[in-house]
Amino acid sequence: MYARFITGMPAFLRHRVTVADAKATVAQGLISREKNFLSLLERTVFNRPESPYEFLFAHAGCEHEEIRRLVTSDGLDAALSTLYDAGVWLSFDEMKGRAPITRGGRTFDGNADSFENPLVKGAIESQSSGSTGKATRVKSDLANILRQTSILLLAQEANGTLGAPMMLYRPGRPDTVATNNILRQILAGNPVRRWFSPVATSDTNAPLRFRIAGAITPPLVRMCGAPFPRMEVVPFSNAIVVARAAADMVRAEGRCHVRTGVSGGLTVAIAARTNGVDLTGVVLSGAGEPPSIAKVKGILESGARYVTNYAMTEAGSVGTACANGLDHTDVHVNRNRIALLQRPVTPRGQAEPVGMFFLTSLADTSPRILINASSDDFGILEERECGCSLGALGMNQHLRQIRSAGKLTGRGITLVASDIVHIIEEILPARFGGTAQDYQLVEEEDAAGATHLHLLVSPSISLADENDAASVLLEALSRGTPGAGLQSAMLRSARAVGVRREQPRASLRGKLPAFKTVGVQ
């Protein structure tokens, strides 16, 4: 399975990407958006009956040549809008393989693997976030890691972290974020110094293929003469270790860049403030959940600076922090490799429509082929001249105040709607009695900006021990997919799930959703 990945590693590690190289690569990607999209369609969609897009195009009555004419005459973004209106789009659950694709009374019999990019060869596997439902198996190859190094370098140049000593506070397999960052930093000529993980790989219930990938990559990289840091397990409860390491790096070299999730960064910042550690000179950056006002404020109070990003496992890097952003959530859409539409959609469990983002992949190294696929996120999309170096390249499409419509994304983990619903509507009532109306998962932010998950259990339900319900929830997660095991381990490390004996909270329209997000600014 990994033969090409292994044999390709020596040549891969000999690459070095400079800022000049990165600017040329991104500029070419912006110029070639239409050409790249049409090429990707030609090679991955048409004449492939197993592609779900063949089904969607047939439903919309769009032939290959007609799409080519549409893109050529109207431009890519207008063409994608026309295709969306004709029914060529995917809901989040359809893209994840959690719901069938049904249009006009016909159903496409596929799954999440139907969206795999057939051009990706010699890849290692990762797992997207998930709990008891179908998490998405995603392949990551060396060509994609190389391609994304360009935007990484330009982001660091724009935001003043280029060349800064780097540390990671991210988990290992089945998540590939840490490994991919380590490899990209080698290509950028600035290897990661230390790697901290909030959970041990043995706690994530990862199956053999992920354990193999996690085991072979570090020694393989070292055998090729490149540094690969040892993973140091530091639970969130002991995040002061990361804070002190970052502060020590500032004292030694003047600055430090720590890549982590938003909640991970806040946890480090709170630990620093509590223990009198000054993080001035430290930059905390990452993605994975919305950077709320309270979270950013909590990070800044430690003396650290915060830089945001926006990414998806299936799409890779979607947005890069704007150095002159209107707020701390402002990112440039990476239009060299992603096309993005916004359309009003009423998410599952909500009463009002939101401006949902729909993504289309343009790079032939993208893990998934996405055409107007919902990210299940929404926010503010705008065209704006910002004056930063990324804007000067022509990346003038901005996103900010990004929120998840059908997911809970606190504490560096992601739980999607269908998975939460399964626990709330089936597992908990079967174990403790009652109905789905007696349970609800609520995501709340405290005064310090930290995110907590509270399982609301109706007082009418008899519990011998109130913590039993939270234990069943975490156990349900750990019995799920490899991605689910990671989510469960992260929640345990953060001690993030508590039980409240109160009636589930109704929405403004009187509905009782399986989950709610409250108190997030």
Side-chain angles (χ1 to χ4, degrees), residues 16-20 22-23 148-170 177-178 180-197 226-232 234 239-288 291 295-309 317 320-325 327-332 388-390:
R16 289 296 177 269
V17 181
T18 67
V19 170
K23 287 181 178 179
Q148 292 198 68
T149 302
S150 293
I151 198 65
L152 174 84
L153 263 181
L154 296 185
Q156 292 176 358
E157 182 197 40
N159 290 281
T161 60
L162 187 66
M166 181 173 290
M167 300 178 182
L168 300 179
Y169 194 21
R170 302 289 311 220
V177 172
N180 290 351
N181 270 296
I182 290 169
L183 294 175
R184 284 195 292 262
Q185 286 300 133
I186 292 172
L187 303 189
N190 182 26
V192 172
R193 306 291 185 87
R194 296 182 73 177
W195 173 20
F196 304 98
S197 171
F228 198 105
R230 178 178 59 88
M231 187 179 81
E232 305 171 53
V234 177
I240 185 59
V241 171
V242 181
R244 285 174 175 149
D248 288 345
M249 187 65 73
V250 172
R251 281 191 290 273
E253 301 194 35
R255 55 181 179 158
C256 181
H257 183 187
V258 182
R259 291 187 66 92
T260 180
V262 180
S263 281
L266 177 62
T267 302
V268 171
I270 291 173
R273 296 203 315 269
T274 302
N275 290 274
V277 175
D278 184 5
L279 293 186
T280 301
V282 175
V283 173
L284 294 164
S285 71
K295 281 185 171 61
V296 174
K297 180 174 180 288
I299 290 172
L300 298 180
E301 286 174 349
S302 70
R305 188 160 61 90
Y306 173 72
V307 174
T308 191
N309 291 287
S317 177
T320 301
C322 177
N324 297 330
D327 56 38
H328 283 94
T329 71
D330 197 335
V331 298
H332 293 269
C388 86
S389 58
L390 291 172

With Arg305, which residues qualify under side-chain hydrogen bond (donor to acceptor under 3.5 Å, both in side chains), at least two apart?
-> none
Who passes side chain to side chain contact (heavy atoms under 4.5 Å, CB included) against Val250, sequence neighbours left out?
-> Cys256, Val282
So do Arg244 and Asn275 actually touch side chain to side chain, heavy atoms under 4.5 Å?
-> yes
Side-chain (Asn190) to main-chain (Pro165) donor-acceptor, under 3.5 angstrom | no
What's the shortest heavy-atom distance between Leu390 and Leu154, and which atoms?
-> CD2-CB, 3.8 Å
Leu162 and Leu153: CA distance, side-chain angles, deciding distance, side chain to side chain contact (heavy atoms under 4.5 Å, CB included) verdict | CA-CA 7 Å; Leu162 187 66; Leu153 263 181; 3.3 Å; yes
Which atom names give the shortest non-hydrogen contact between Arg259 and Arg170, and what distance separates them?
-> O-CG, 3.9 Å
Would you check if the side chain of Arg251 reaches a backbone N or O of Ala246 as a donor-acceptor pair within less than 3.5 Å?
-> no
Atom OG of Ser285 and atom CG of Asn159: how far apart are they, to the nearest 0.5 Å?
-> 8.5 Å
To the nearest 0.5 Å, tell me how far Met167 CE sits from Glu232 CD.
-> 9.0 Å
Output yes when a side-chain donor or acceptor of Gln185 lies under 3.5 Å from a complementary backbone atom of Met166, and no otherwise.
-> no
Heavy-atom closest contact (Cys388 atom, His332 atom, distance) | SG-NE2, 3.1 Å
Test side-chain contact (heavy atoms from CB on, under 4.5 Å), reference Arg184, set Asn181, Ile186, Leu187, output is Asn181
Pairing residues for Arg230 by the salt bridge (Lys or Arg N to Asp or Glu O under 4.0 Å) criterion, not counting sequence neighbours | none
What are the two closest non-hydrogen atoms of Ala272 and Ala243, and how far apart are they?
-> CB-CB, 3.9 Å
Output the distance between atom CG (Leu279) and atom CG (Leu300), rounded to the nearest 0.5 Å.
-> 11.0 Å
When rounded to the nearest 0.5 angstrom, what distance separates OG1 in Thr267 from OH in Tyr169?
-> 7.0 Å
In short, Thr320 meets Ile151 closest at the heavy-atom pair OG1-CG1, 3.4 Å
Taking the side chain as C-beta and beyond, is there a heavy-atom pair between Val331 and Asn309 under 4.5 Å?
-> no
Closest non-hydrogen atom pair between Lys295 and Leu266, with its separation = O-CD1, 3.8 Å
OG1 on Thr18 to NZ on Lys23, rounded to 0.5 Å = 10.0 Å
By salt bridge (Lys or Arg N to Asp or Glu O under 4.0 Å) - contacts of Arg193 (at least two apart) | Glu253
side-chain hydrogen bond (donor to acceptor under 3.5 Å, both in side chains) involving Ser150 - partner list, sequence neighbours excluded | none
Separation between CE of Met231 and CG of Leu168, rounded to the nearest 0.5 Å = 11.5 Å
Name all residues meeting the side-chain hydrogen bond (donor to acceptor under 3.5 Å, both in side chains) criterion together with Thr280; count only those two or more places apart in sequence or in a different chain, and write none if there are none.
-> Asp278
Any donor and acceptor pair, going by atom type alone, linking the side chain of Trp195 with main-chain N or O of Phe228 inside 3.5 Å?
-> no
Hey, can you tell me if His328 and Tyr306 have their rings parallel, tilted or perpendicular (30° and 60° cut-offs)?
-> tilted
